[in-house]
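Here is the structure we will look at, set down as C-alpha cells.
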Number of protein chains: 2
Amino acid sequence: MTDSFDSSESAEARAGSGPEARATDVLEALHVYSAAEAAMRRRTGTAMGLGENDLLALRFILDNHAGGRTTASKDVTRYLGISSASTTVLLHRLEKGGFIERRPSSTDRRSIEIFATATAEGDTGPMLALAQEQMSMTTESLTVEEARTITKFLTMMRKTVDQIGHRRPN
Amino acid sequence: MTDSFDSSESAEARAGSGPEARATDVLEALHVYSAAEAAMRRRTGTAMGLGENDLLALRFILDNHAGGRTTASKDVTRYLGISSASTTVLLHRLEKGGFIERRPSSTDRRSIEIFATATAEGDTGPMLALAQEQMSMTTESLTVEEARTITKFLTMMRKTVDQIGHRRPN
DNA sequence: CGGATTAGCTAGTAAAACTAGCAAACCGGG
DNA sequence: CCCGGTTTGCTAGTTTTACTAGCTAATCCG
C-alpha cells in the first residue's frame with residue numbers, strides 16, 4: 001500500500017549529511033510518518049467496518065475513559081475539527097454499532113456523556129491496544145533527553161500547524 | 001479549533017516529570033500533532049477547493065516532479081491507498097482545475113504520465129509553500145543532534161505503524 | 001429577568017469514496 | 001506467432017460521510 005512510497009528511505013539514508021539537509025529531512029520523515037499512519041488507520045478501520053474519523057473518535061473516547069475523563073459531543077467535535085452535525089451522526093453511528101453509549105449529562109442538561117461499551121473495550125481495545133503497545137515499545141526505548149526533544153518538537157509543530165489557514169466551523 | 005484539545009497541554013506541562021511518563025507524553029504529542037495536521041489540511045484544502053486526498057496527491061506529484069520522476073495513475077493509487085476508479089476521478093478533478101496535465105505514456109500505451117502545470121507550481125506552490133515554510137522555520141531551529149533524534153524516531157515509528165493492521169485481533 | 005451563547009439534533013445537499021465491470025495494451029509460455 | 005492471464009485506466013451507479021441551514025432547550029451573565 002504505502003510500501004511503494006519511494007521517497008521514504010531517503011530521509012533516513014541522508015540522516016547524517018549536510019546541515020541544510022537536516023530540516024527537510026525532519027519534515028519529510030514527519031510527512032512520511034503521517035502517510036503511514038493514515039494508511040494504517042484505513043487498514044484497521046475498514047477491517048472492522050469503521051471510517052477513519054470513527055476510529056479517531058473512538059480512540060479519543062477510550063483514551064479519555066482510560067484517563068478517568070468523560071467525553072461530550074463537543075469534545076469530539078473539537079478534536080476532529082468537523083461540524084457538530086457531523087459529530088452527531090458519527091456518534092449515532094458508533095452507538096448503533098454498539099461501541100459507545102450516550103447518556104444525558106448529570107451536570108449540564110443540554111450535554112451528553114459518552115461511554116465506551118465493553119464491546120469497544122474488548123473488541124476494539126485489543127486492536128488499538130496492540131498498535132498502542134507496539135508504539136509504546138518504540139517510545140520507551142528513548143532516553144529522557146530524546147523524549148523531551150521529540151515532545152518539544154511535536155508541540156512546536158502543532159502550534160505552527162494550528163495557525164495555518166484559519167477557519168472556524170460552528 | 002484544535003487549540004481546545006484539552007489533553008494537549010498536559011504533555012507539554014509534564015514534559016519534565018518521571019521517566020515512565022515520557023513515553024506516553026511522546027505518543028500523546030504525536031497523536032495531537034496528527035490531529036492538528038489533518039485539521040490543517042482540511043482547512044487549507046477547502047480554502048482552495050481541494051479535498052484532503054487531492055492535496056496529498058498533488059504534493060506527491062510535485063515531489064516526484066522535483067525529483068525528476070514521472071507519475072502514473074497507478075502510483076497515485078498506491079500512494080493514497082484508494083481504488084483506481086477513485087484515482088481516475090481525482091486526477092480528472094485536478095486536471096479540470098488546471099493543476100496537472102495527463103499525457104499518454106510513451107513507453108506503455110495503457111498508461112498515462114502526469115505532469116504538474118505551472119499553475120500547480122505557482123498557485124498551489126505558494127499555498128503549500130507557506131505551510132512548508134512556516135514548518136521549515138520550526139525545523140531549522142533544531143540542532144543537528146535534535147534533528148537526527150527526531151528523524152530517527154519518526155522513521156522507527158513509521159516502520160512500526162507499517163506492520164499494524166496486517167494481523168487479526170481474533 | 002431577558003438577551004446572548006452553547007450543546008446537540010434534524011433535514012436536505014454535496015463531495016468523494018466504493019464496487020462492478022469493460023476495453024486496450026502488455027507479458028509470457030507453448 | 002498467439003492466446004490466456006494480468007495490468008492500466010476508464011465509466012456507471014451506489015454508498016458513505018461531511019457540509020450548511022436552522023431549530024430547541026439549557027445555561028450563562030449583565
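Computed from heavy atoms alone, side chains included, the values below leave out hydrogens, waters and symmetry copies. All values derive from a computational prediction rather than experimental measurement. Every chain is numbered from 1 and lettered A, B, ... according to where its sequence line falls, protein lines coming before strand lines.
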Nucleotide D:dT8, atom P - distance to CG of B:Leu90 in whole Å: 18 Å
Closest nucleotide among D:dA18, C:dC9, C:dA7 to the A:His92 side chain: C:dC9
Please work out which of the three classes, parallel, tilted or perpendicular, describes the rings of A:His65 and A:Phe115, given edges at 30° and 60°. perpendicular
Salt-bridge criterion met for B:Arg103 and B:Glu101 (N-O under 4.0 Å): yes
Between D:dT8, C:dT19, D:dT20, which one does the side chain of B:Ala85 approach most closely? C:dT19
In whole angstroms, the gap separating C1' of C:dT6 from CG of A:Asp108 amounts to 8 Å
Which residue lies toward the 5' end of DNA chain D, A:Gly51 or A:Thr107, if each is placed at its nearest nucleotide? A:Gly51
Tell me if the side-chain of B:Ser84 makes a donor-acceptor pair with the base of D:dC10, cut-off 3.5 Å, by modelled atom types. yes
Interatomic distance, A:Arg103 CZ vs C:dG8 P [rounded to whole Å]: 16 Å
Do any side-chain nitrogens or oxygens of B:Arg109 fall under 4.0 Å of OP1 or OP2 in C:dA24? no
Roughly, in whole Å, what's the span from CG in A:Leu94 to P in D:dT17? 10 Å
May I ask you to evaluate whether B:Ser111 reaches the phosphate of D:dG9, defined as a side-chain N or O under 4.0 Å from OP1 or OP2? yes
Categorize B:Thr88 for me: base, sugar-phosphate, or nothing, with a 4.0 angstrom heavy-atom threshold over every strand shown. base
Integer-rounded Å distance: D:dA18 C1' and A:Leu55 CG: 17 Å
Rounded to whole angstrom units, what separation is found between the NZ atom of A:Lys96 and the P atom of C:dC9? 13 Å
Rounding to an integer number of Å, can you tell me how far B:Ile112 CD1 sits from C:dA25 P? 15 Å
Any donor and acceptor pair, going by atom type alone, linking the side chain of A:Ser141 with main-chain N or O of A:Thr138 inside 3.5 Å? yes
Under 4.0 angstrom between A:Asn53 side-chain N/O and D:dA18 OP1 or OP2: yes
Could you work out which one of D:dA26, C:dG8, D:dA18 sits closest to the side chain of A:Arg93? D:dA18
May I ask you to verify whether the side chain of A:Arg110 and the base of D:dT27 hold a donor-acceptor pair under 3.5 Å? no
To the nearest Å, how far apart are B:Ile114 CD1 and D:dC10 C1'? 14 Å
A side-chain contact here means heavy atoms from C-beta on lying under 4.5 Å apart; do B:Thr87 and B:Leu91 qualify? yes
Hey, is the side chain of B:Arg102 poking within less than 4.0 Å of OP1 or OP2 on D:dC10, counting only N and O atoms? yes
Which part of the nucleic acid, if any, lies within reach of B:Leu91 when heavy atoms closer than 4.0 Å are counted: base, sugar-phosphate only, or nothing? nothing
Side chain of B:Ile82 only, heavy atoms from C-beta on: which candidate in C:dT10, C:dA17, D:dA26 is closest? C:dA17
Please confirm whether the shortest side-chain N or O distance from B:Ser86 to OP1 or OP2 of C:dA17 is below 4.0 Å. no
Heavy-atom distance under 4.5 Å between the side chains of B:His92 and B:Lys96, does that happen here? no
Donor-acceptor pair, A:Thr139 side chain versus A:Ser136 backbone, under 3.5 Å? yes
Proximal nucleotide (of D:dT11, D:dT8, C:dA7) relative to the A:Lys74 side chain: C:dA7
Indicate whether OP1 or OP2 belonging to C:dC18 is found under 4.0 Å from a side-chain N or O atom of B:Ser83. yes
